[in-house]
Each structure stands twice: as C-alpha cells, then as structure tokens.
Amino acid sequence: MSLKNIYPIFDTILSRSDKEKMLNQKAIVIWMVGLSGSGKSTLARALENSLHEEGFLTQLLDGDNIRTGINNNLGFSPEDRTENIRRAAETAKLFMNAGLVTICSFISPTDDIRKMAKEIIGDGYVEVYVDCPVEVCEERDVKGLYAKARKGEIPDFTGVSAPFDVPKSPDVSVDTANQGLEESHQELVKAIIERIKH
Ligand SMILES: Nc1ncnc2c1ncn2[C@@H]1O[C@H](COP(=O)(O)OS(=O)(=O)O)[C@@H](OP(=O)(O)O)[C@H]1O
Ligand SMILES: Nc1ncnc2c1ncn2[C@@H]1O[C@H](COP(=O)(O)OP(=O)(O)O)[C@@H](O)[C@H]1O
C-alpha cells in the first residue's frame with residue numbers, strides 16, 4: 001500500500017472553496033476600471049478599509065505595488081499595457097484562489113484588455129466602472145499629468161493621446177463625477193458586500 005493511501009493529506013489538493021470556508025467569505029476579484037483621476041485608487045483604498053473593518057481578508061493590487069515591482073519593466077505602449085494587465089490578472093487570480101477578496105485598480109483602457117483579464121480570472125471577476133469623463137478628470141488633474149500630456153510631455157496618455165473604451169457592461173458602475181466620495185464609497189461597499197458574504 002502506498003504512503004498516500006495511509007496519509008490522504010499527501011494527495012489532497014485544497015480548493016478555493018476550502019479556503020473560502022476557513023475565511024468565511026466568498027473570494028472574488030474586484031476589477032476597478034477608469035481614467036486617471038476618476039477615483040479608482042481613492043475608492044479602492046476606502047473599499048478595502050471598509051471590508052477589513054467588516055472582517056473580510058483582502059488584498060489590493062494597483063500601480064503602486066504592481067508597476068513598481070513585478071511590472072517595473074513595462075511602460076504605456078499598447079503591448080506593455082496588455083502585458084501589465086495580463087500579469088496583474090494572473091496575480092489577482094492567485095490571491096482569489098487563496099480565498100482573498102482581491103481589489104485591482106488599473107486603468108485597463110480597452111475592451112480587449114478587459115476581456116483578457118476576465119478570461120484569466122474566470123468565475124469571480126467583478127468589473128467596477130469608475131465612471132468619470134475625461135473633462136472632469138482633467139479638471140481634477142490630481143497628479144498634474146493631464147497638463148503634461150496636453151503639452152506633449154507624456155506620450156500615449158489615456159484619454160488624451162491614447163484610447164479609452166467606455167465599459168459596455170460593467171457589473172457595477174459608480175458615477176464619481178456627479179456624486180461625492182462618501183456616496184460613491186457607500187454604494188460600492190453595498191454592491192460588493194452582497195457578493196462576498198459566505
Ligand atoms: N501614458 C500614460 N497613460 C496613462 N497613465 C499613465 C501614463 N503614464 C503614467 N501614467 C500613470 O500610470 C497610472 C496608470 O497605470 P495602469 O497600470 O493603471 O495603466 S494601464 O491599465 O496599464 O493602462 C496612472 O495612475 P492613475 O492616475 O492612478 O490611474 C498614471 O498616474
Ligand atoms: N465620488 C468620488 N469618488 C472618488 N474620488 C472622488 C470623488 N469625487 C471626487 N474625487 C476625487 O477625485 C480624485 C481621484 O483621484 P484618484 O483616486 O487618485 O484617481 P485614479 O486612481 O483613478 O487615478 C481624488 O482627489 C478624489 O478625492
């Protein structure tokens with residue numbers, strides 16, 4: 001008789017649902033899409049804090065920990081953006097399969113890029129469109145990037161000199177141009193909590 005028959009744990013592959021049970025939550029990937037300055041990072045951080053307070057185990061993935069780390073060799077050409085999102089989606093899937101509620105904040109500018117992310121992640125992909133027109137994002141110009149892009153100092157800038165396809169069928173849409181931060185945050189938390197309760 002083989003060792004595996006005596007000690008079945010050597011042969012057992014734990015599933016996502018075993019981990020979800022342990023954490024008492026449903027694991028999903030919340031994929032936040034929107035222009036620079038639309039409010040993705042602000043809402044992603046606020047959402048993560050609220051979920052944490054409610055006892056959910058979370059992980060946030062964004063430019064700060066992905067573009068400076070695993071993707072520090074990538075820029076903003078269409079090919080590099082695709083590779084950026086491919087690696088981010090694969091990373092998000094690993095966290096999701098470990099049972100975590102994973103929040104991703106990337107511009108994800110085109111239909112094709114989002115289709116790829118959705119295909120990689122599969123069941124559990126929840127698309128959130130952080131809806132804010134370029135005029136309002138430009139007015140905010142949180143990092144001064146739109147001004148630089150208009151002067152031609154940043155090439156291929158999304159919404160100015162590179163494309164952004166408005167998502168056609170997001171699972172959740174948050175209008176940050178006509179709503180305050182608090183209202184957008186509450187709306188988002190409500191939409192997500194009902195998807196992650198075990
Ligand atoms: N050319 C160009 N176009 C758009 N954005 C630019 C560019 N160059 C630098 N940045 C800064 O990079 C942030 C976007 O990175 P992402 O990884 O989210 O982009 S993408 O999904 O791969 O398109 C984005 O951050 P956010 O403002 O948080 O969206 C910008 O600060
Ligand atoms: N309803 C809202 N939701 C999110 N952010 C908002 C909202 N209204 C105004 N803002 C402001 O818009 C800016 C969004 O910046 P940021 O979160 O860095 O965007 P992004 O990560 O998409 O580039 C912040 O200064 C934020 O305070």
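Atoms within each ligand, like the ligands themselves, are counted from 1 in listed order.
- In this structure the side chain of R140 reaches within 4.5 angstrom of the side chain of T176, judged on heavy atoms.
- Within 4.0 Å of ligand 1, heavy atoms belong to protein residues S36, G37, K40, S41, R67, F76, R81, N84, I85, F106, I107, S108, P109, K143, L145, I154, P155, D156, F157, T158.
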Identify all pairs of nitrogen or oxygen atoms, one from ligand 2 and one from the protein, separated by less than 3.5 Å, and list them with distances.
unit_1, atom_1, unit_2, atom_2, d
ligand 2, 1 (N), Q179, O, 3.0
ligand 2, 1 (N), G180, O, 3.2
ligand 2, 1 (N), L181, N, 3.4
ligand 2, 1 (N), S184, OG, 2.9
ligand 2, 8 (N), R140, NH2, 3.4
ligand 2, 12 (O), R140, NE, 3.4
ligand 2, 12 (O), R140, NH1, 3.3
ligand 2, 17 (O), T42, N, 2.9
ligand 2, 17 (O), T42, OG1, 2.4
ligand 2, 19 (O), G39, N, 3.1
ligand 2, 21 (O), S41, N, 2.9
ligand 2, 21 (O), S41, OG, 2.4
ligand 2, 22 (O), L35, O, 3.4
ligand 2, 22 (O), S38, N, 3.3
ligand 2, 22 (O), S38, OG, 3.3
ligand 2, 22 (O), G39, N, 3.0
ligand 2, 22 (O), K40, N, 2.9
ligand 2, 22 (O), K40, NZ, 2.9
ligand 2, 23 (O), G37, N, 2.7

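- Applying the ring-ring contact (aromatic ring centres under 6.0 Å, His included) test to Y129 and every residue at least two apart in sequence or in another chain returns nothing.
- Using a 4.5 Å heavy-atom cutoff, the side chains of M116 and R86 are in contact.
- Proximity of I70 to E90: side-chain heavy atoms (C-beta onward) are nowhere separated by under 4.5 Å.
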Show your reasoning for whether side-chain contact (heavy atoms from CB on, under 4.5 Å) applies to V134 and F164. CA-CA 10 Å; V134 70; F164 181 81; over 6 Å; no

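- Contact between R16 and N97 at its shortest, heavy atoms only, is CD-OD1, 3.2 Å.
- Put simply, the side chain of E83 reaches to within 4.5 Å of the side chain of R87, judged on heavy atoms.
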Could you pull out every donor-acceptor pair under 3.5 Å between side chains of residues 186-198 and any protein atom, sequence neighbours left out?
unit_1, atom_1, unit_2, atom_2, d
Q186, NE2, E182, OE2, 2.8
E187, OE1, Q179, NE2, 2.6
R195, NH1, A191, O, 3.0

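- Under the 4.0 Å criterion applied to side-chain N and carboxylate O atoms, R45 and D64 are assigned as salt-bridge partners.
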